A.B. asks: 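First, the structure itself, so that you have it in front of you.
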Protein chains: 2
Amino acid sequence: MVFDTTDKELLEYLQQDCKQTNKELSNKLGLSVTAVYERIKKLEKAGFINGYVALVNKEKVEKNFTVFCHIKLAQHIQEYVVSFEKEVNKLNEVLECYHLSGDYDYLLKVLVNDMAEFREFMVKKLTTISHIGSTHSMFVINEVKHTTAINFENEK
Amino acid sequence: MVFDTTDKELLEYLQQDCKQTNKELSNKLGLSVTAVYERIKKLEKAGFINGYVALVNKEKVEKNFTVFCHIKLAQHIQEYVVSFEKEVNKLNEVLECYHLSGDYDYLLKVLVNDMAEFREFMVKKLTTISHIGSTHSMFVINEVKHTTAINFENEK
DNA sequence: CCTGAAACTGATTAAAC
DNA sequence: GTTTAATCAGTTTCAGG
């Protein structure tokens with residue numbers, strides 16, 4: 001499938017605001033409405049777009065306490081890895097989890113109401129997962145930047 | 001403004017898929033289409049929703065190299081903090097940046113094509129920012145979990 | 001890739017309960 | 001909160017260039 005500069009530009013616009021009309025997009029891209037429509041469908045069918053979602057204001061819903069947790073497994077055996085990853089996926093306070101290179105095995109982004117809820121999460125949920133060796137928590141003082149949009153600037 | 005359990009449920013659905021019709025949402029929530037429409041407008045106007053965006057498949061667009069960078073400033077004076085945060089905001093490879101408690105001052109999520117591009121980013125962009133004391137990079141081996149949806153399970 | 005038109009679907013507003 | 005209905009706007013499909 002062809003994936004050209006126009007497609008990248010289109011994806012950038014959709015990553016900014018997916019509710020804008022094809023007419024608006026057609027103006028920005030210099031294409032016809034039909035052409036925009038067909039490009040979007042092409043990108044959707046080819047799997048370039050994982051979905052369209054609403055982004056919620058964390059402060060408004062009182063979920064403004066973000067913590068990054070580094071986690072080390074007790075041992076790096078296949079069984080522990082699989083079971084840990086499965087358990088982590090079930091925790092709804094964990095928005096993101098990455099298997100990392102370096103001193104720690106995993107990095108988790110945890111979102112809760114406040115310190116009290118984080119304590120609850122640590123004691124009753126995270127540390128009850130088996131095979132965890134050690135954890136190290138870092139609290140977010142301030143969110144300096146946060147975007148979900150992948151940038152294609154360097155490829156134009 | 002009232003913000004009840006139904007609103008939370010509605011936000012959960014919109015965080016999963018913001019393109020579903022009000023009719024679909026009305027079925028899920030047991031409300032009329034008009035009620036759904038009015039609740040969404042209420043939430044939008046009250047600032048609960050930051051926006052509606054397309055989520056792009058990183059693998060498809062060859063941007064599948066994620067790196068977390070810990071950064072320590074040379075000194076923790078106001079001037080350095082402000083200027084660093086301003087500079088970081090300009091870097092389009094940086095999707096997220098957090099001011100943290102702990103050993104390091106900042107945590108950056110960097111998304112690039114590959115190691116070569118990351119090297120370029122480090123040498124030509126990140127380390128040219130003034131007042132950086134030291135950096136520590138951790139490469140993502142595998143993305144275990146990644147969602148943008150805030151969960152309200154514990155509040156129901 | 002384009003234009004234009006037709007058909008359809010959903011959003012939006014209003015009225016009445 | 002509900003229903004219904006009217007209107008408008010946007011999507012989707014199609015024909016033809």
Side-chain angles (χ1 to χ4, degrees), chain A residues 1-57 60-62 147-156, chain B residues 1-57 60-63 148-156:
Chain A
M1 197 206 75
V2 276
F3 176 57
D4 60 19
T5 312
T6 306
D7 289 319
K8 286 180 185 172
E9 218 178 320
L10 177 53
L11 283 183
E12 288 198 320
Y13 290 131
L14 291 174
Q15 285 184 116
Q16 299 302 328
D17 175 14
C18 70
K19 284 280 177 100
Q20 57 195 314
T21 65
N22 291 344
K23 188 163 173 51
E24 289 174 296
L25 292 166
S26 73
N27 287 334
K28 290 175 181 171
L29 293 168
L31 293 174
S32 70
V33 172
T34 309
V36 169
Y37 173 79
E38 280 164 358
R39 273 180 189 266
I40 293 175
K41 289 299 152 199
K42 179 193 72 179
L43 290 169
E44 284 173 355
K45 274 170 194 151
F48 281 76
I49 295 170
N50 284 335
Y52 299 98
V53 303
L55 298 178
V56 167
N57 187 331
K60 276 283 178 181
V61 296
E62 315 278 328
T147 176
T148 54
I150 298 171
N151 200 290
F152 300 109
E153 268 308 315
N154 303 333
E155 283 139 61
K156 278 178 197 163
Chain B
M1 198 205 76
V2 278
F3 176 58
D4 60 17
T5 312
T6 308
D7 289 319
K8 286 180 185 173
E9 218 179 319
L10 176 53
L11 282 183
E12 289 199 319
Y13 290 130
L14 292 174
Q15 285 183 116
Q16 298 302 326
D17 176 14
C18 70
K19 284 278 179 103
Q20 56 195 315
T21 65
N22 291 345
K23 186 162 173 53
E24 289 175 296
L25 292 167
S26 72
N27 287 334
K28 291 175 182 171
L29 294 168
L31 291 175
S32 69
V33 173
T34 310
V36 169
Y37 173 78
E38 280 164 357
R39 274 180 188 267
I40 293 175
K41 288 300 153 198
K42 178 193 72 178
L43 290 169
E44 285 173 353
K45 274 168 194 152
F48 280 76
I49 295 170
N50 284 336
Y52 300 98
V53 303
L55 298 178
V56 167
N57 187 330
K60 277 284 178 180
V61 295
E62 315 279 328
K63 285 267 192 222
T148 54
I150 298 172
N151 200 289
F152 300 110
E153 268 308 315
N154 302 333
E155 284 138 63
K156 280 180 196 161

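Below, each value reflects all heavy atoms present in this structure, side chains not excepted, and no hydrogens, waters or symmetry copies. In this text, all values refer to a predicted model and were calculated from it rather than measured experimentally. Letters go in sequence order (proteins before strands), and every chain restarts at 1.
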A.B. asks: Taking only the side-chain nitrogens and oxygens of K41(A), find out if one of them lies under 4.0 Å from OP1 or OP2 of dT12(D).
C.D. replies: yes

A.B. asks: Taking the nucleotide of DNA chain C with the nearest heavy atom to each, does T34(B) or A35(A) sit closer to the 5' end?
C.D. replies: A35(A)

A.B. asks: Distance check: side-chain N/O of N22(B) vs OP1/OP2 of dG10(C), anything under 4.0 Å?
C.D. replies: no

A.B. asks: Please list, chain by chain and in numerical order, all residues satisfying side-chain contact (heavy atoms from CB on, under 4.5 Å) with E44(A), sequence neighbours excluded.
C.D. replies: I40(A), K41(A), I49(A), Y52(A)

A.B. asks: Going through the checks in order, is the side chain to side chain contact (heavy atoms under 4.5 Å, CB included) test met by L11(B) and F3(B)?
C.D. replies: CA-CA 11 Å; L11(B) 282 183; F3(B) 176 58; 3.9 Å; yes

A.B. asks: Could you state the atom-to-atom distance from CG of N27(A) to C1' of dC2(C) in whole Å?
C.D. replies: 15 Å

A.B. asks: Taking atom NZ of K28(B) as the centre, report whether more than 12 heavy atoms of other residues, nucleotides or ligands fall under 6.0 Å from it.
C.D. replies: yes

A.B. asks: For K23(B) and dT4(D), give me the distance from atom NZ to atom C1', rounded to whole Å.
C.D. replies: 13 Å

A.B. asks: Atom CD of E38(A) to atom P of dC2(C): distance rounded to whole Å?
C.D. replies: 9 Å

A.B. asks: Just checking T21(B): base, sugar-phosphate only, or nothing, at a heavy-atom cut-off of under 4.0 Å?
C.D. replies: sugar-phosphate

A.B. asks: Quick one: which of dT13(C), dT2(D), dA11(C) gets closest to the side chain of Y37(B)?
C.D. replies: dT13(C)

A.B. asks: Using a 4.5 Å cut-off on heavy atoms from C-beta on, say whether the side chain of K63(B) contacts that of E155(A).
C.D. replies: yes

